Amino acid sequence: MNIPEDEAALIKRALCLAGRTLGEIAQELHLPVPKNITHAKGWTGQLIEKILGASAGSLAEPDFPHLGIELKTLPISSMGVVSETTYVCIVPLSEMNQATWKTSIVYAKLAHVLWVPIDITSPTLFHRRIGTPLLCDLPENDEALLQKDWEEFAELISLGKIESITAHQGTVLQIRPKAAHSRIKTAGIGPLGEPIQTLPRGFYLRKCFTQKIIKRYFVV
DNA sequence: AGATGATCATCT
DNA sequence: AGATGATCATCT
């Protein structure tokens with residue numbers, strides 16, 4: 001699909017997806033629907049990217065760079081409950097001390113998000129239904145929560161404490177592994193300021209955060 | 001049962 | 001290798 005020229009065009013296109021199944025969208029794009037979700041974890045997100053005309057590629061920038069809008073699908077189980085945490089971006093282990101909240105990748109990605117709820121009640125990808133998409137600017141109070149978590153993580157990482165950070169930390173943002181498997185290593189900074197090799201990590205939004213966002217708009 | 005740590009597919 | 005898209009599966 002071509003790139004939407006402005007925000008209004010993107011929203012219009014996104015709203016057309018409401019109520020449709022992933023199978024219908026895939027057929028429209030002449031794409032096969034994977035049978036096994038375990039081996040197609042990112043398929044839904046990539047399908048929605050294609051139908052909305054998000055710029056392909058794996059760059060560390062929002063999906064619609066000219067609009068500054070990030071696209072996120074949000075899995076919703078029965079009763080309107082967010083069923084998974086939301087990956088935001090990789091943790092830049094070696095450059096964390098150079099960033100401020102406002103210059104961070106996390107802020108760039110979350111300032112404007114087009115949330116696309118996916119009803120995952122059906123176990124088969126084909127029959128899963130798209131909810132009503134929601135374009136959302138980051139409210140000030142949510143930003144304050146994210147900024148606080150981010151700044152605490154930034155300090156720990158700058159002090160070389162990345163290997164002591166667990167998913168238990170952070171009230172709305174958390175850091176968890178982000179790799180094909182647990183033996184993968186990337187460059188980081190150790191406790192003595194020395195270069196180390198450590199597991200790549202990502203920033204994730206806790207469920208409570210995304211649940212709150214959709215609860216503002218949908219009665220459950 | 002829910003959350004944490006681990007993992008899967010694809011692209012550049 | 002490192003980024004994107006995420007969900008799985010084990011542990012508590």
Side-chain angles (χ1 to χ4, degrees), chain A residues 1 3 17 22 25-26 29 31-65 69-96 99 104-106 108-110 113-126 128 130 133 149 153 162-188 195-211:
Chain A
M1 202 63 74
I3 296 170
L17 301 179
L22 301 183
I25 304 300
L29 296 174
L31 293 170
V33 180
K35 290 279 186 292
N36 186 345
I37 302 178
T38 305
H39 295 279
K41 293 180 184 176
W43 183 82
T44 301
Q46 285 155 353
L47 181 77
I48 303 300
E49 279 186 345
K50 288 193 184 86
I51 195 71
L52 292 180
S55 47
S58 46
L59 304 172
E61 60 181 22
D63 294 288
F64 300 94
I69 295 174
E70 173 73 8
L71 176 65
K72 287 288 175 205
T73 58
L74 197 56
I76 309 289
S77 60
S78 59
M79 308 304 291
V81 174
V82 172
S83 70
E84 290 287 354
T85 57
T86 302
Y87 170 69
V88 180
C89 61
I90 210 76
V91 179
L93 293 177
S94 299
E95 294 89 39
M96 203 64 181
S104 68
I105 311 171
V106 175
K109 296 246 179 185
L110 297 181
V113 180
L114 179 61
W115 298 99
V116 180
I118 307 292
D119 178 350
I120 62 159
T121 307
S122 169
T124 59
L125 283 172
F126 193 101
R128 289 186 174 181
I130 303 168
D149 283 348
F153 285 132
I162 181 60
E163 301 205 306
S164 68
I165 295 176
T166 75
H168 295 93
Q169 290 160 269
T171 59
V172 294
L173 195 64
Q174 64 180 174
I175 288 180
R176 305 214 308 277
K178 177 61 173 166
H181 53 77
S182 58
R183 284 101 57 205
I184 288 183
K185 301 290 181 188
T186 192
I196 59 167
Q197 289 296 111
T198 188
L199 184 61
R201 324 291 166 105
F203 283 114
Y204 295 80
L205 295 175
R206 290 190 181 278
K207 291 190 234 176
C208 58
F209 187 85
T210 45
Q211 185 73 65

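Here is the naming used below: chain letters follow the sequence lines, and residue numbers restart at 1 for every chain. Note that the structure is a prediction, hence the values are computed from the model and not measured.
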* To do: Measure from CZ on A:R176 to C1' on B:dG5 and round the result to the nearest Å.
  => 7 Å
* To do: Indicate, with a heavy-atom threshold strictly under 4.0 Å, whether A:T44 touches base, sugar-phosphate, or nothing.
  => nothing
* Nucleotide C:dC8, atom P - distance to CD1 of A:I120 in whole Å -> 8 Å
* Looking at C:dC8, B:dA6, B:dT4, which one has an atom nearest to any side-chain atom of A:E84? -> C:dC8
* Among B:dG5, C:dG5, B:dA6, the nucleotide that comes nearest once only the side chain of A:L199 is considered -> B:dA6
* Asked: Quick one: are A:F209 and A:V82 in side-chain contact, heavy atoms under 4.5 Å?
  -> no
* To do: For A:I25 and C:dG5, give me the distance from atom CD1 to atom P, rounded to whole Å.
  => 19 Å
* So A:L71 and A:E49, side-chain contact (heavy atoms from CB on, under 4.5 Å) or not? Walk me through it. -> CA-CA 7 Å; A:L71 176 65; A:E49 279 186 345; 3.8 Å; yes
* Atom pair NZ/OG of A:K207 and A:S83 - distance to nearest 0.5 Å -> 6.5 Å
* Asked: Nearest to the side chain of A:T38, which nucleotide is it out of C:dG5, C:dA9, B:dT4?
  -> C:dA9
* Asked: Mind checking whether A:L114 and A:L52 have side chains closer than 4.5 Å, heavy atoms only?
  -> yes
* Write down the distance between CD (A:Q174) and C1' (B:dT4), rounded to a whole number of angstrom. => 7 Å
* **Nearest listed nucleotide, side chain of A:T85, among C:dA3, C:dT7, B:dA3** => C:dT7
* Round to the nearest Å and state the distance from A:K50 atom NZ to C:dA6 atom P. => 12 Å
* Among B:dC8, C:dT4, B:dT4, which nucleotide sits nearest the side chain of A:H168? -> B:dT4
* Under a cut-off of 3.5 Å for both distances of each Watson-Crick or G-U pair, what dot-bracket string does DNA chain B give, using [ ] for crossing pairs and | for inter-strand pairs? -> ||||||||||||
* Specify the residue among A:K109 and A:R128 whose closest nucleotide of DNA chain C lies further upstream toward the 5′ end. => A:K109
* Please step through side-chain contact (heavy atoms from CB on, under 4.5 Å) for the pair A:L205 and A:L110, ending with a clear verdict. => CA-CA 10 Å; A:L205 295 175; A:L110 297 181; 3.7 Å; yes
* Asked: Can you find a heavy atom in the side chain of A:I130 that is under 4.5 Å from one in the side chain of A:V116?
  -> yes
* Interatomic distance, A:L205 CG vs C:dT7 P [rounded to whole Å] -> 13 Å
* To do: Report yes if some heavy atom in the side chain of A:K72 is under 4.5 Å from a heavy atom in the side chain of A:D63; otherwise report no.
  => no
* Across the strands shown, which category fits A:G45 at heavy-atom distances under 4.0 angstrom: base, sugar-phosphate, nothing? -> sugar-phosphate
* Closest nucleotide among C:dT7, C:dT4, B:dT7 to the A:C89 side chain -> C:dT4
* **Spacing between A:N36 atom CG and C:dT7 atom P, to the nearest angstrom** => 14 Å
* **Candidates B:dG5, B:dT7, C:dT4 - which lies nearest the side chain of A:S182** => B:dT7
* Asked: With a non-hydrogen cut-off below 4.0 angstrom, is A:E70 in contact with a base, only sugar-phosphate, or nothing?
  -> sugar-phosphate
* Mind checking the OG1-CZ spacing from A:T86 to A:R206? Nearest 0.5 Å is all I need. => 12.5 Å
* Roughly how many Å is it from CD in A:Q169 to C1' in B:dA3, rounded to a whole number? -> 15 Å
* To do: Measure from the side chain of A:Q46, starting at C-beta and using heavy atoms only, and say which of C:dT7, C:dG5, B:dT4 lies closest.
  => C:dG5
* To do: Please evaluate the base of B:dG5 for a donor-acceptor partner in the side chain of A:K178 within a cut-off of under 3.5 Å?
  => no
* Asked: Is the phosphate of C:dA6, meaning OP1 or OP2, less than 4.0 Å from a side-chain N or O of A:T73?
  -> yes
* Asked: Hey, does the side chain of A:H39 come within less than 4.0 Å of B:dA9's phosphate (OP1/OP2), counting only N and O?
  -> yes
* Check if the side chain of A:Y87 and the base of C:dA3 share a donor-acceptor pair of N or O atoms closer than 3.5 Å. => no
* Yes or no on side chain to side chain donor-acceptor pair (under 3.5 Å) for A:R201 and A:T186, after CA distance, side-chain angles and deciding distance? -> CA-CA 9 Å; A:R201 324 291 166 105; A:T186 192; over 6 Å; no
* To do: Indicate, with a heavy-atom threshold strictly under 4.0 Å, whether A:T166 touches base, sugar-phosphate, or nothing.
  => sugar-phosphate
* Remember a base hit wins even if backbone is also touched, and classify A:P200 as base, sugar-phosphate or nothing at under 4.0 Å, heavy atoms. => nothing
